[in-house]
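Note: hydrogens, waters and symmetry copies are ignored here, and every other heavy atom, side chains too, is used. Read the numbers this way: they start at 1 and go in the same order the structure lists the ligands and their atoms.
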Amino acid sequence: DVFQKLDHMAERGLLFRIIKGDQRKYAAIPFVHGIFEFQVGDMSRDLAEKVQVYFDEVFHQAMRQNGDLLLRTIPVNRSIDADLRVASYDDAVEILKGLEKIVVTNCVCRVRAGRMEEDCGKPLEVCFLFGSMGQYYVDRGMGRQISLDEAVSILETCHEAGLVTQPASSQNPGGMCNCCGDCCGSLAAMNKHPKPATLVFSNYVAALDGDACSGCETCVARCQMDALTMNGNGVCELTVERCIGCGLCVTTCPSEALTLHPKPQELQRVPPETTRNQMMAMAQKRGVV
Ligand code: SF4
Ligand code: SF4
């Protein structure tokens, strides 16, 4: 019957499903984020290669059109001056604190890269799902529920490893990824653009004091957007148009030459309040509603 077919699709990651008591609700999902992520436990080499073609030929166009409504970049907490007030939706720990259910799963992008023997080797179990989305992952055996303390500890590991924290573009996100420029489809798509800062939804940007730079090159490797390069004099240079405001370079600069600042007020953005509003904004931008 219809329910059997819907359940079969949900078990294969082709539909989202919520089970509450004896009630079941189903929702259609996009390929990213949706069908692709739901294959995290069942990624074949064939699928990994097909997704690579999709990323190379199609996804970067979708990112240019709608990327800012899909994911946001939020900064490493320690990269921001303690005197500055940070909105709770721009603070990863505050986002985690407000949640009843936190589930962690493997990063599907690094799983996919691993199937193609191109894995960057960075931590794997780092992507968070919340609420009913988290429950779907638990129901399908794709993730495990964790405490707030463990989630904060995983976040710390991510920042030490140089991963960019990207929640869904909502004040009440269904998930929060920790991404690398090597494997992540979203960051790779942004990286192809000459000015990633114009694509990303981020309220922060780095600044560099070149006189303070000791030329250690640590930040060059930390930056996933190639925003930091060394000039002929052995001093770091920052291309602001490539900076997505993650703060990863700031926390490891031994000379305190790098700092992170809020963008000017006119460029500050508040994410949609709910996931539903986020999805509606994406659909409206694509002209389908
Ligand atoms: S990490 Fe700091 S000191 Fe080292 S190159 Fe970058 S800006 Fe200069
Ligand atoms: S320069 Fe690079 S590492 Fe530093 S905040 Fe910008 S994007 Fe992040």
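- Atoms of ligand 1 lying under 4.0 Å from at least one heavy atom of Glu217, given by number and element, are 4 (Fe), 5 (S).
- Of the charged side-chain nitrogens involved, at least one lies within less than 4.0 Å of a carboxylate oxygen, so that Arg17 and Asp7 count as a salt-bridged pair.
- Taking a cut-off of under 4.0 Å to the non-hydrogen atoms of Ser214, the atoms of ligand 1 that pass are 3 (S), 8 (Fe).
- Contacts between Thr252 and ligand 1 below 4.0 angstrom, taking non-hydrogen atoms only, are absent altogether.
- Remark: minimum distance from atom 5 (S) of ligand 2 to any protein heavy atom is reached at Gly247 N, 3.2 Å.
- In this comparison of Asp226, Thr239, Leu228, the heavy atom closest to atom 1 (S) of ligand 2 sits on Leu228.
- No side-chain donor from either of Thr157 and His159 sits under 3.5 Å from a side-chain acceptor of the other.
- In summary, an N, O or S atom of Cys213 is located under 2.8 Å from atom 8 (Fe) of ligand 1.
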- Task: Given side chain to side chain donor-acceptor pair (under 3.5 Å), test Gln39 with Arg12 step by step and report yes or no.
- Result: CA-CA 8 Å; Gln39 310 309 313; Arg12 293 169 63 210; over 6 Å; no
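- Which parts of ligand 2 touch Ile244 is read off a 4.0 Å heavy-atom cut-off, strictly below it: atoms 6 (Fe), 7 (S).
- Atom NZ of Lys192 has more than 12 neighbouring heavy atoms from other residues, nucleotides or ligands inside a 6.0 Å radius.
- Leu258 CD1, 3.6 Å is the protein heavy atom nearest to atom 7 (S) of ligand 1.
- What sits closest to atom 6 (Fe) of ligand 1 on the protein, heavy atoms only, is Cys219 SG, 2.3 Å.
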- Working for ring-ring contact (aromatic ring centres under 6.0 Å, His included), residues Phe55 and Phe36: CA-CA 11 Å; Phe55 279 161; Phe36 169 52; 5.7 Å; yes
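- Classified by interplanar angle (parallel below 30°, tilted 30° to 60°, perpendicular above 60°), the ring pair Tyr136/Phe38 is tilted.
- With hydrogens left out, the protein atom closest to atom 2 (Fe) of ligand 1 is Cys253 SG, 2.3 Å, a heavy atom.
- Relative to atom 4 (Fe) of ligand 1, the option among Ala257, Cys249, Cys216, Cys223 with the closest non-hydrogen atom is Cys216.
- In terms of protein heavy-atom proximity, atom 8 (Fe) of ligand 2 is nearest to Cys246 SG, 2.3 Å.
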- Task: Test side chain to side chain donor-acceptor pair (under 3.5 Å) on Thr165 and Asn178 and set out the steps.
- Result: CA-CA 5 Å; Thr165 298; Asn178 287 290; 2.8 Å; yes
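- Between atom CD of residue Glu237 and atom CG of residue Leu208 there is a gap of 8.5 Å, rounded to the nearest 0.5 Å.
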